[in-house]
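First comes the structure, then the notes that go with it.
What you are looking at is a predicted structure, and each value in this text was computed from that prediction instead of being measured.
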Amino acid sequence: FNGQPALGIPSITTDADGRITRMNSVAARLTGWGSDEALGVPLDKVFIVREKARPGLYEAETPPSGKYKELVGRDGGTLPIEDSAAPIRNEFGGSAGEVRVFRDVTDRQRAERATEAAMERFRVMANGVPVLMWVSDTDMGTTWFNEAWLDFVGDSLAGQLDGGWRRCLHPADLERVLATYQCAFKAREPFTFEYRLRHNDGQYRWMLAHGAPLY
């Protein structure tokens, strides 16, 4: 940052003892402290942050998708944030303080909650239809299977994740299925193929699969 974060980004500068030497107006508004009032105050008295568990978007996430930081304002109000710090060096290379920058991620969390609600509605719908369904993430890893799939193969959700579903495909079909799926996935195109899937009675059944990208 060279001691000068971009205009509009909340920033706090401290000396080598961790006392505030500068706080811009955006940081002042978010923390509830006046820029001049905070001068000389220890950073941890003004920039009060605590970690909160981030709820997972999918049932199978263990642990959920990490944690996020929450800024506690002077009035006791909280704000989800992301933050980072860059050291300030003196002419001898020693520590002369740091610049702390952070940003409000309320809108992103709101979008994540909307995604979670949409996924929950999808799961309820998908578990109520008599077809086998699954969902993958942007890295082609499967993240969820509906109850019809799990009942068909006789396995748990945890057992089918991390590639566990591959054990249920007929060995002679696996390479072809993966090649077709990977090609369609990279091109963001729908796909259709036939393959044999092992039923919970141990016998293989022919299946017709249809897939489409989710935006």
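- Residues I12 and I20 approach most closely at CG2-CG1, 3.7 Å, considering heavy atoms.
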Walk me through it: do E120 and R123 pass the test salt bridge (charged side-chain N to carboxylate O under 4.0 Å, His left out)?
CA-CA 5 Å; E120 181 59 30; R123 286 194 291 263; 2.6 Å; yes
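- For D104, there are no salt bridge (Lys or Arg N to Asp or Glu O under 4.0 Å) partners at least two apart in sequence or on another chain.
- Scored by the side-chain contact (heavy atoms from CB on, under 4.5 Å) test, A172 finds H170, R196 as partners (sequence neighbours excluded).
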Donor-acceptor contacts, no H, no angles, side chain residues 149-161, under 3.5 Å, sequence neighbours left out:
unit_1	atom_1	unit_2	atom_2	d
W149	NE1	Q160	OE1	2.8
D155	OD2	Q160	NE2	2.9
S156	OG	G159	N	3.1

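- Residues R176 and E194 come closest through the heavy atom pair NH1-O, 2.8 Å.
- Contact check for R166 versus L174: side-chain heavy atoms found under the 4.5 Å cut-off.
- Residue V129 comes nearest to M133 through the heavy atom pair CG2-SD, 3.8 Å, listed as atom of the first residue, atom of the second, then distance.
- The side chain to side chain donor-acceptor pair (under 3.5 Å) contacts involving residues 201-211 comprise T192-H210, H199-D201, D201-R205, where partners must be two or more places apart or lie in separate chains.
- Counting heavy atoms of neighbouring residues, nucleotides and ligands inside a 6.0 Å radius, atom CG of L214 does not exceed 12 of them.
- Of the inter-residue distances, the one linking Y195 atom OH with F193 atom CZ reads 6.5 Å to the nearest 0.5 angstrom.
- A side-chain donor from one of N24 and S11 sits under 3.5 Å from a side-chain acceptor of the other.
- Between Y68 and the choices E112, E51, Q109, the side chain to side chain contact (heavy atoms under 4.5 Å, CB included) rule is met once, by Q109.
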Step-by-step side-chain contact (heavy atoms from CB on, under 4.5 Å) determination, I88 to T13
CA-CA 9 Å; I88 301 173; T13 304; 3.6 Å; yes
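- L178 and L208 fall into different hydrophobic clusters, where Ile, Leu, Val, Met, Phe, Trp and Tyr side chains are chained together by heavy-atom contacts under 4.5 Å.
- Across all their heavy atoms, S95 and A16 have their closest contact at O-CB, 3.6 Å.
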Name the atoms and distances for all side-chain donor-acceptor pairs under 3.5 Å in residues 32-44, with sequence neighbours left out.
unit_1	atom_1	unit_2	atom_2	d
S35	OG	M23	O	3.0
E37	OE1	G34	N	3.2
E37	OE1	R74	NH1	2.8
E37	OE2	R74	NH1	2.7
E37	OE2	R74	NH2	2.9

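- Here the closest non-hydrogen pair linking L71 and V49 is CD1-CG2, 4.3 Å.
- Pairs engaging residues 102-132 under the ring-ring contact (aromatic ring centres under 6.0 Å, His included) rule: F47-F102, F122-W144 [sequence neighbours left out].
- Between A85 and E98 the shortest heavy-atom distance is CB-OE1, 3.9 Å.
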